[in-house]
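Structure first, then comments.
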Amino acid sequence: MKAPLIVALVVALAPAQALAWGAMGHRIVGEAAMRALPGEVPAFLRTPAAVRDVGELSREQDRSKGAGRIHDHNRDAGHFLDLDEDGKLLGGPSFLPLPATRADYEKGLQAAGLDSWKAGYLPYSIIDQHQQLTKDFAYWQAVKVAASREKNRERRAWLNRDLVRREAQILQTIGNLSHFVGDGAQPLHVTVHYNGWGEYPNPQGYTTARVHGPFESEFVFNNIKLAAVSAKVAPLRSCDCPIEKRTVDYLSDTATQVIPFYELEKTGGIRSGDGRGITFATDRLAVGASELRDMVVSAWRASGNATVGWPVLRVQDVLAGKDPYDSLYGKD
């Protein structure tokens, strides 16, 4: 089979929702968020190198696509959520309240003849990576403090090497979180009308063309600038709430932008160079960057109350003076 035909078949067979902000959009969300981090987070996160790395790592969840059928099937639905106008998942169960676990979420969907691979499970992707980042920060705190106190040369060398590993892990996790938070800022990632209005009642005559990719990829690449997005990043906002609530509120807010997107498209606002489309896309990317920055900060703040290692230690106990080496290196 000739190469062009193979490529055409791959595109034709790919899930319609295996789309996201293009490389430029995800890069912008990651970099704009990192540039906006406050001084309370570890200094290594605010270096130019870390900002650039997170921008690039924000793309990884898309760059890994095509690794294999099982890999893609397991992961693709983690990028979206198919909500209808009534806040229901593909016309089945309501999105709210969000079930406590993905297993519970799956049960509710299956009772309606659906599953999370059809309806998407984006909120769980975001929550998972926020929880992972909280744990990553907890280890970083414990390792850094332990290295500064350690008198034994061999132990101190291991701790210093592990600190380098912890910082690399944190950047990777922020990149993953950035990707899913960025997806959550794109209205076409939280709707059944994800690539044109589709086969649904359409009294307003919204387009049925495949508008998803052209908007978030070509349009963003040709029209949106990092500086413009950074200028619209909102002030730091702490909701003082569980990450589950923060995530649900964030995605619910994005869902309110589905109709405005289709109204904009209907009047020609998504044509390259149109100021209305540029403003809309810039605003959405800035919302994603703001939310990512806020989630990084909330994970950092939560990490002081987390646990690390085995035997399990509280970070607060380590900060108070308890030697964590055996728990960090592993005593099993």
Side-chain angles (χ1 to χ4, degrees), residues 29-30 32-46 50-51 54 57-58 78 97-102 121-148 162-163 165-185 233-253 287-322 324 327-328:
V29 168
M34 296 296 285
R35 288 184 177 192
L37 286 172
E40 70 181 90
V41 303
F44 80 89
L45 290 177
R46 292 177 279 112
V51 172
V54 168
L57 291 168
S58 297
L98 183 71
T101 67
R102 193 176 157 205
Y121 57 91
L122 176 58
Y124 295 96
S125 298
I126 294 173
I127 294 164
D128 169 73
Q129 290 303 308
H130 182 275
Q131 292 176 343
Q132 179 63 58
L133 182 58
T134 301
K135 180 65 77 171
D136 290 346
F137 277 142
Y139 271 101
W140 182 87
Q141 290 200 68
V143 172
K144 186 172 179 61
V145 168
S148 70
D162 201 49
L163 189 62
R165 288 188 286 266
R166 294 306 96 211
E167 293 183 356
Q169 178 64 52
I170 286 169
L171 293 179
Q172 181 67 66
T173 303
I174 294 176
N176 291 337
L177 179 62
S178 174
H179 188 95
F180 295 122
V181 171
D183 282 347
V233 170
L236 181 68
R237 182 182 70 86
S238 174
C239 74
D240 294 321
C241 63
I243 185 58
E244 291 84 356
K245 175 172 171 42
R246 177 157 205 148
T247 300
V248 164
D249 289 349
Y250 173 59
L251 297 177
S252 297
D253 180 71
V287 166
S290 301
E291 192 67 29
L292 173 61
R293 183 272 320 277
D294 292 354
M295 286 192 179
V296 171
V297 173
S298 72
W300 167 248
R301 291 175 178 175
S303 67
N305 295 316
T307 60
V308 296
W310 183 261
V312 173
L313 277 179
R314 296 191 312 142
V315 171
Q316 289 296 330
D317 291 338
V318 177
L319 298 180
K322 188 162 186 177
S327 290
L328 295 172

Test item: Pro324 and Val308 side chains (from C-beta on) under 4.5 Å apart, heavy atoms
no

Please collect all salt bridge (Lys or Arg N to Asp or Glu O under 4.0 Å) contacts where either partner lies in residues 243-253, sequence neighbours excluded, each pair once.
Lys245-Asp249, Arg246-Glu291, Arg246-Asp294

Of all heavy-atom pairs linking Ile127 and Ile243, the shortest is CG2-CG2, 4.0 Å

Any side-chain heavy atom of Asp162 sitting closer than 4.5 Å to one from Leu328?
no

Nearest heavy-atom pair of Gly288 and Val181: which atoms, and what distance?
O-CG1, 3.5 Å

Treating Thr247 as the side-chain partner and Pro123 as the backbone partner, does any N or O pair qualify as donor plus acceptor under 3.5 Å?
no

Value rounded to 0.5 Å, distance of OG in Ser125 from CG in Asp183
8.5 Å

Less than 4.5 Å apart, any side-chain heavy atom of Ile174 and any of Leu57?
no

Distance col, row Ser327:OG vs Lys322:NZ, nearest 0.5 angstrom, shows 7.5 Å

Go through Gln132 and Asp128 one step at a time and tell me if the side-chain hydrogen bond (donor to acceptor under 3.5 Å, both in side chains) criterion holds.
CA-CA 6 Å; Gln132 179 63 58; Asp128 169 73; over 6 Å; no

Roughly how far apart are Phe44 CZ and Arg166 CZ, rounded to 0.5 Å?
10.5 Å

Is there a side-chain contact between Phe137 and Val41 (heavy atoms, below 4.5 Å)?
no

So does Ala234 get a backbone contact from the side chain of Arg293, meaning a donor-acceptor N/O pair under 3.5 Å?
yes

Looking at every non-hydrogen atom in both residues, tell me the closest pair between Arg102 and Tyr124 and how far apart they are.
N-CE2, 3.6 Å

Is there a side-chain contact between Val315 and Thr307, using heavy atoms and a 4.5 Å cut-off?
no

Closest non-hydrogen contact found for Ala32 with Val233 is CB-CG2, 4.3 Å

Does the side-chain contact (heavy atoms from CB on, under 4.5 Å) test come out yes or no for Lys135 and Thr173, once each step is laid out?
CA-CA 10 Å; Lys135 180 65 77 171; Thr173 303; over 6 Å; no

If you define the side chain from C-beta out and look only at heavy atoms, does anything of Ser298 sit under 4.5 Å from His130?
yes

Let's go through Ile126 and Met295 carefully: what are the C-alpha distance in whole Å and the side-chain angles of both, what is the deciding distance for side-chain contact (heavy atoms from CB on, under 4.5 Å) to 0.1 Å, and is it a yes or a no?
CA-CA 10 Å; Ile126 294 173; Met295 286 192 179; 3.8 Å; yes

Compare every heavy atom of Ala289 with every heavy atom of Val29, then report the nearest pair and how far apart it is.
O-CB, 3.7 Å

Validation row: Leu133, Ile170 side chains within 4.5 angstrom (heavy atoms):
yes

Looking only at heavy atoms, which two atoms of Trp300 and Glu40 are closest? And how far apart?
NE1-O, 3.1 Å

Check whether any side-chain heavy atom of Lys144 sits under 4.5 Å from a side-chain heavy atom of Pro42, and report yes or no.
no

Rounded to the nearest 0.5 Å, how far does CG of Leu37 lie from CZ of Arg46?
8.0 Å

